[in-house]
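Hydrogens, waters and symmetry mates are skipped; everything else that's a heavy atom, side chains included, is used.
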Amino acid sequence: MSSNRSCGITAHSLMLALLAVAAACEMPGTGVASESEPTRTLTQALSGYEFQAEDTQALQDDPFANPGMLWVDQGQELWRDAGSADEPSCSSCHGESGDSMRGVAARYPAYDAETQSLLNIEGRINHCREKHQQQSPYAYESAELLALSAFVAHQSRGMPIDVFIDGPARTFFDSGQSYFYERRGQMNLACHHCHERNVGRMLRGDRLSQGQPTGYPAYRLEWQTLGSLHRRLRFCNVGVRAEPFSAGAPEYVNLELFLTWRARGLKVDAPAVRR
Amino acid sequence: MLKARISAPARARPGEIISIKTLISHPMETGNRRNSLGARIPRNILTEFVCLYNGRQAFRAELHPAIAANPFLAFHLRADASGTLEFRWTDQDGEVTTETRDLVVEP
């Protein structure tokens, strides 16, 4: 990226200038996989909620007006719906109310010994569908998967995030952490350039948050609908002009584990409302 | 089938002003957007919302393409008789989604 663009005065070139400054900064040596306990670079973790305008926060806080609750309602219906008469529904094993899912969203993604892979909530729901319900998995970002993951995540609202990164999960964590600090795309920016080094500053009309994943699936006003964390990650990738992975890709699940670990202690606030 | 959420009290005192909130899932596609291939995405909106209180129109709203997806409407009614609150959303093709809530009015 050309650095003499910073003399421009339009909003767009101001943004480019900000990105150029960010890109010129040195990257800390935190991206390296190690055996020791990883350290969080942010001194104080702040939920994406803190970066929203007051009216957006009010929309999220009102359990009735929050549009994400439409998906939670639909998720509750799907929870009880077996799809076919011979197969169990989610509620057959996990209970009618879904209360047994309380706390689950706060500790996912988690390593699954059976498939030897890292599963997020969406992956776990689809795994259950295939194994116990003999149904085909939902497409990532489908209305059904969003509804069910919103229903499950909503049960953990207000609970502090705490994911497990030791043992077999560590490889996935390390790869997610490397991704966060790797430069990518035509802008040559890493996640941390915006979400650690320039937190709170404006990127055009948007205030840069810490990139905390506490509220997903979240209702983004820009999308006019509920979307998964992976949709948000794709959006970030496109923003730095990098080729995005498909939603549900292992690279994003690994990154999700790192992001969730980075957000530990923050409270789950799904379904959140974001700008 | 559209999904609606309604917040309305089940009981009220005579003459009490009650607050009603409604939220319905709908894309409210404006008809002005294009997809990734450049083709126009057809308009798909709700055009009218009506609240009937014991069959009488108590609140009505016309909806247009500039209304955001999943329209949220909040309004107030004076509770003067027990009965039914009926909520009707009509889309551009005349399809109607209806929800009802019972209201008991007593001192």
Fill in: Lys/Arg-Asp/Glu bridge criterion (N-O < 4.0 Å) met for B:Arg5, A:Asp73
yes

Nearest heavy atoms of [X] and [Y], plus distance in Å:
X       : Y       : result
B:Lys21 : A:Asp62 : NZ-OD2, 3.3 Å
A:Phe64 : B:Thr22 : CE2-N, 3.8 Å
B:Leu23 : A:Asn66 : CD2-O, 4.0 Å

Practice prompt. Against chain B, work out which of A:Leu70, A:Thr225, A:Leu221 has the most heavy-atom pairs shorter than 4.5 Å and name it.
Written response: A:Leu70

Fill in: From A:Gln224 atom CD to B:Met28 atom CE, the distance as rounded to the nearest 0.5 Å
9.5 Å

Worksheet item: Quick check: are there more than 12 heavy atoms from other residues, nucleotides or ligands sitting under 6.0 Å from CD of A:Glu87?
Response: yes

Worksheet item: Would you find more than 12 non-hydrogen atoms of other residues, nucleotides or ligands less than 6.0 Å from A:Arg80 atom CZ?
Response: yes

